[in-house]
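See structure below.
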Amino acid sequence: MGALEEENKKVVTEFMEVFSSGDVTGILDSLTDDATWWVAGNIPGISGTKDKAGFGEMLGGIAEGTKTGAITLTPLAFTAEGERVAVETESYAELKNGRIYNNLYHFVFTVRDGKISSVKEFLDTEHTTAVFVAP
């Protein structure tokens with residue numbers, strides 16, 4: 001693996017650490033101005049493509065529902081090629097509604113000049129809906 005791939009893996013690792021802290025400003029600072037975030041499925045208010053501002057709004061809403069103000073992301077395995085970094089990831093959060101959010105993901109990040117320019121998030125949409133959306 002080359003230097004670019006190692007640097008991009010570091011960018012993604014640091015992003016997940018900031019994401020896990022719940023620092024929305026820090027999270028958004030890790031993204032390029034034209035960044036996009038896409039989430040699989042048909043989860044109301046979550047799925048589809050969001051620009052940087054829309055992603056920030058979604059983060060704020062999700063954080064408000066958690067006891068700690070954040071969802072912890074733990075990277076499990078990386079594959080990097082050029083500007084693309086794929087990461088198998090596990091999440092964990094305790095919600096104010098008493099539910100536990102513990103999901104598995106496959107993220108594909110694109111890193112440009114040390115910042116994240118796009119994210120594709122593949123996850124167990126049924127679990128996400130049951131925890132965040134279901135009555």
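Looking at heavy atoms from C-beta onward, Val131 lies out of side-chain contact with Ile100 at the 4.5 angstrom threshold. Inter-residue side-chain proximity for Val119 and Phe55 is flagged as unmet; no heavy-atom pair is nearer than 4.5 Å. Two residues are said to be in side-chain contact when any heavy atoms from C-beta on lie closer than 4.5 Å; Thr13 and Phe78 meet this criterion. Within the 4.5 Å cutoff, no side-chain heavy atoms of Glu83 are placed close to those of Phe109. Side chains of His106 and Val87 form no contact here, defined as non-hydrogen atoms less than 4.5 Å apart. For the pair Thr89 and Leu76, the minimum side-chain heavy-atom distance is 4.5 Å or more.
Under 3.5 Å, the side chains of Ser20 and Thr72 contain no donor-acceptor pair of N or O atoms.
Linking Ile, Leu, Val, Met, Phe, Trp and Tyr whenever their side-chain heavy atoms come within less than 4.5 Å puts Val133 and Val39 in one cluster. The hydrophobic cluster containing Ile71 does not contain Tyr92, counting ILVMFWY residues as joined when their side-chain heavy atoms lie under 4.5 angstrom apart, directly or transitively. No continuous path of ILVMFWY side-chain contacts below 4.5 Å connects Val108 to Phe19, so the two sit in separate hydrophobic clusters.
Here the closest heavy-atom approach between residue Thr32 and residue Lys52 is recorded as O-CD, 3.5 Å. Here the closest heavy-atom approach between residue Glu90 and residue Asn102 is recorded as OE2-ND2, 3.0 Å. Residues Ala130 and Arg99 share a closest heavy-atom pair of O-NH1, 2.9 Å. Residues Lys50 and Met58 approach most closely at CE-SD, 3.6 Å, considering heavy atoms. The two residues Gly69 and Ala63 have their closest heavy-atom pair at O-CB, 3.3 Å.
When atom types are taken as modelled, the side chain of Ser117 and the backbone of Thr110 share a donor-acceptor pair closer than 3.5 angstrom. In this structure a side-chain-to-backbone donor-acceptor pair under 3.5 Å is missing from Asn8 to Val85. The closest donor-acceptor contact from the side chain of Glu5 to the backbone of Glu81 lies at 3.5 Å or more, if one exists at all.
Considering only residues two or more places apart in sequence or on other chains, Arg84 meets the salt bridge (Lys or Arg N to Asp or Glu O under 4.0 Å) condition with none of them.
Between the OG1 atom of Thr79 and the NZ atom of Lys9 there is a distance of 8.5 Å, given to the nearest 0.5 Å. In this structure, CG in Asp51 is found 11.0 Å from CG in Asp33, a value given to the nearest 0.5 Å.
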Considering only distance and modelled atom types, tabulate donor-acceptor pairs under 3.5 Å from the side chains of residues 24-31, sequence neighbours left out.
{"residue": "Ser30", "atom": "OG", "partner": "Gly26", "partner atom": "O", "Å": "3.1"}

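The side chain to side chain donor-acceptor pair (under 3.5 Å) pairs that include a residue from residues 120-135 are Trp37-Glu121, Tyr101-Thr128, Asn103-Thr128, where partners are two or more places apart or lie in different chains.
For Asp34, the CG atom sits in a packed shell: over 12 heavy atoms of surrounding residues, nucleotides or ligands are nearer than 6.0 Å.
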Kindly determine whether Tyr105 and Ser91 satisfy side chain to side chain donor-acceptor pair (under 3.5 Å), including the steps that lead there.
CA-CA 8 Å; Tyr105 306 79; Ser91 69; 3.1 Å; yes
Verdict with reasoning, Leu104 to Leu123, per side chain to side chain contact (heavy atoms under 4.5 Å, CB included)
CA-CA 6 Å; Leu104 293 172; Leu123 69 163; over 6 Å; no
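Between Phe122 and Trp38, the distance from one ring center to the other falls under 6.0 angstrom.
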